[in-house]
Amino acid sequence: MLHLTQYLPVLDWGRRYDLDKLSGDLVAAVIVTIMLIPQSLAYALLAGLPAEAGLYASILPIVLYAIFGTSRTLAVGPVAVVSLMTAAAIGKLGDQGIDYVTAALTLAFLSGVFLLILGLFRLGFLANFLSHPVIAGFITASGILIATSQLKHILGVKASGDTLIEMLHGLWSHLGEINWITVVLGVAATAFLFWVRSGLKPLLVRLGLGKTLSDMGAKAGPVIAVVATTLAVWAFGLADRGVDIVGSVPQSLPPLTLPSFHPQVLTAMIGPAILISVIGFVESISVAQTLAAKRRQRVDPDQELIGLGAANLGASVTGGFPVTGGFSRSVVNFDAGARTPAAGAYTAVGLAIAALMLTPLIYFLPKATLAATIIVAVLSLVDFSILKRSWVYSKADFAAVSVTILLTLALGVEVGVSAGVVISIFIHLYKSSRPHMAVVGQVPGTEHYRNVDRHDVTLHDGILSVRVDESLYFANARNLEDRIYDMVAEREDLRHVILMCSAVNEIDLSALESLEAINTRLGARDITFHLSEVKGPVMDALKTTHFLSDLTGEIFLTQHRAVQALCNGSVDQFSPSKDGVSL
């Protein structure tokens, strides 16, 4: 049973489900459902798909995540950044005569397969190659792109473009086509939604409503905007005056669909699917772990991959598009009192009812209102403070953030995030290829050895003690050699070199060859080469080679013993051939 619950977490929390959890989950489901209806429609619009695709992508995927996911409060469905990436990906196929809906289904299918593979083979660590500064830069740039892309709906023009420059050029070239009635609706909806985010809840509290009802009222702000603007368009016949509306939406449950397995579509979608999977997983796991920590719960990253993979496969067979855990709706789900993933399943029921009964009511819903919903939601993602923080703390991270933002805005989301991954890996390799190395000396009256540039220490003639603060591998092995040779060249009376390995967790074959070269070259100058504070696993690896027998010096358990032994002329402090000696 334990092995089964690892892959089906529902068997774990489900057997402890009770009425107390039920009440919390139902309240949360009602609030999230109210929030999700306009959001789902809006994100489908952002993805370049029919409005109903947003509802379809929010039903079966939520249920499947509830079965396979480990977060108790994560709310899965369409999100802004993934919707933008979906639009960018499927937009490339428009000129090839491939249906956008089919392309989106294929994108969700490939994303689901990729996430499942990562989860089953426990490869979630691969997402760590996308650093936080790069993620922050990408999300900030994406927020700007998303908000800009929706201005055409606010203005009532037919502009297009994938990059910021293209979008602005498209808007500028169509300024003469502005529909002022649409502008009034869009600006009014946007202003109202901004006010709802900050002012409606306090107002409801002052009017005497309880905290729960005030929360529900504030979260219902987008629904109020949808209802008001839809009634206005219907009552005054604004659709006949150029206001773009959602139009007819099928009144049904999600249909059974299949992705395309045509090689042309699969080839075009595999790259974007991988990027969407990685970005979606990083966003989702960040939210899930943050919320879980508040309740001292645990989230399994690898099982989360399986849960998100299943959700995306569900979207691909029910008319949806790629989904992931959303920040805003998950926080709402958490604050509303969701206790288990069953809250998501109840939300899916609410959305299914909406798809069956409410879709005729949104025929006259203006797209400007959905655009306003998106703009208000995504502007909270824009955070330029990351530029200041990264500049102060790390110039390399500042470069990563800046390049990611600029490339995303100038060349599109796929280029931006791809460049971000490459930059993250490059920065890591660059930093680790030039590890911090310090000449250390003894702090007077102690057995501690510290950096000579930071502390008043005692040095011993004829002994050079060097501490390297990094594991040794192919990228930094040659740098280690060069810097030790430079230090040795500056000291004519040198007789012993001690490499302090307290921070070395691994030595790969390239680094081993460099250590052998150092040992040989120092030996040719009658300088003995010693190691100190070698960790047990590293020592175990060294014992499998001939390096220890060729070493001109000795291996010392501590730096203090090494210096004492060399100063006293006794170097039999530790024999590497002894069994069971490790640090």
Side-chain angles (χ1 to χ4, degrees), residues 43 46-48 79-96 98 100 103-104 106-108 110-111 114-115 126-152 159-171 264-283 321-322 324 374 378 381-384 386-387 390 396-430:
Y43 290 148
L46 175 60
V79 300
V81 173
V82 170
S83 298
L84 176 66
M85 297 179 72
T86 298
I90 66 178
K92 297 178 180 179
L93 298 180
D95 297 334
Q96 303 176 29
I98 297 173
Y100 280 176
T106 307
L107 194 60
L110 291 174
S111 179
F114 181 71
L115 288 166
L126 293 177
N128 296 334
F129 286 107
L130 208 57
S131 68
H132 172 72
V134 166
I135 285 289
F138 173 73
I139 289 178
T140 292
S142 296
I144 296 172
L145 286 178
I146 292 169
T148 305
S149 72
Q150 297 308 297
L151 291 178
K152 62 184 179 183
S160 61
D162 295 324
T163 68
L164 183 62
I165 296 174
E166 292 174 351
M167 292 177 187
L168 293 177
H169 179 267
L171 291 172
Q264 179 186 7
V265 180
L266 293 176
T267 302
M269 292 291 100
I270 186 63
I274 292 174
L275 292 177
I276 286 174
S277 300
V278 174
I279 291 293
F281 172 65
V282 171
E283 179 178 352
F321 56 98
T324 192
I374 294 173
V378 302
L381 302 176
V382 178
D383 178 20
F384 286 112
I386 186 66
L387 291 170
S390 60
D397 286 334
F398 172 79
V401 173
S402 302
V403 170
T404 301
I405 291 177
L406 292 175
L407 289 180
T408 301
L409 293 177
L411 300 177
V413 291
E414 291 182 13
V415 174
V417 71
S418 300
V421 173
V422 173
I423 292 169
S424 297
I425 297 174
F426 175 78
I427 288 175
H428 168 72
L429 291 176
Y430 177 77

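Heavy atoms only: backbone and side chains are in, while hydrogens, waters and symmetry mates are out.
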What is the distance from atom [atom1] of [X] to atom [atom2] of [Y], rounded to the nearest 0.5 Å?
X      : Y      : atom1 : atom2 : value
Ser160 : Asp162 : OG    : CG    : 8.0 Å
Leu110 : Leu115 : CG    : CG    : 11.0 Å
Ile374 : Leu84  : CD1   : CG    : 10.0 Å
Ile135 : Ile386 : CD1   : CD1   : 11.5 Å
Leu411 : Ile165 : CG    : CD1   : 8.0 Å

Please check if atom CG in Leu168 has more than 12 non-hydrogen atoms from other residues, nucleotides or ligands closer than 6.0 Å.
->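 Above 12, so yes.
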Quick check: closest heavy atoms across [X] and [Y], and the distance to 0.1 Å?
X      : Y      : value
Thr408 : Gly416 : OG1-CA, 3.2 Å
Thr163 : Leu145 : C-CD2, 4.0 Å
Ile90  : Ala103 : CG2-CB, 3.7 Å
Gly280 : Val82  : CA-CG2, 4.3 Å
Phe321 : Ser83  : CE1-OG, 3.6 Å
Phe138 : Thr404 : N-CG2, 3.6 Å

Test your reading of the model: is there a side-chain donor-acceptor pair from [X] to the backbone of [Y], 3.5 Å cut-off?
X      : Y      : answer
Ser149 : Ile146 : yes
Ser111 : Leu107 : no
Thr140 : Asp383 : yes

Side chain to side chain contact (heavy atoms under 4.5 Å, CB included) between Val278 and Phe114, worked out = CA-CA 9 Å; Val278 174; Phe114 181 71; 4.3 Å; yes
With Thr324 via side chain to side chain donor-acceptor pair (under 3.5 Å) - residues at least two apart = none
Is there a side-chain contact between Leu46 and Tyr43 (heavy atoms, below 4.5 Å)?
-> yes
By side-chain contact (heavy atoms from CB on, under 4.5 Å), which residues pair with Ala88, not counting sequence neighbours?
-> Val413
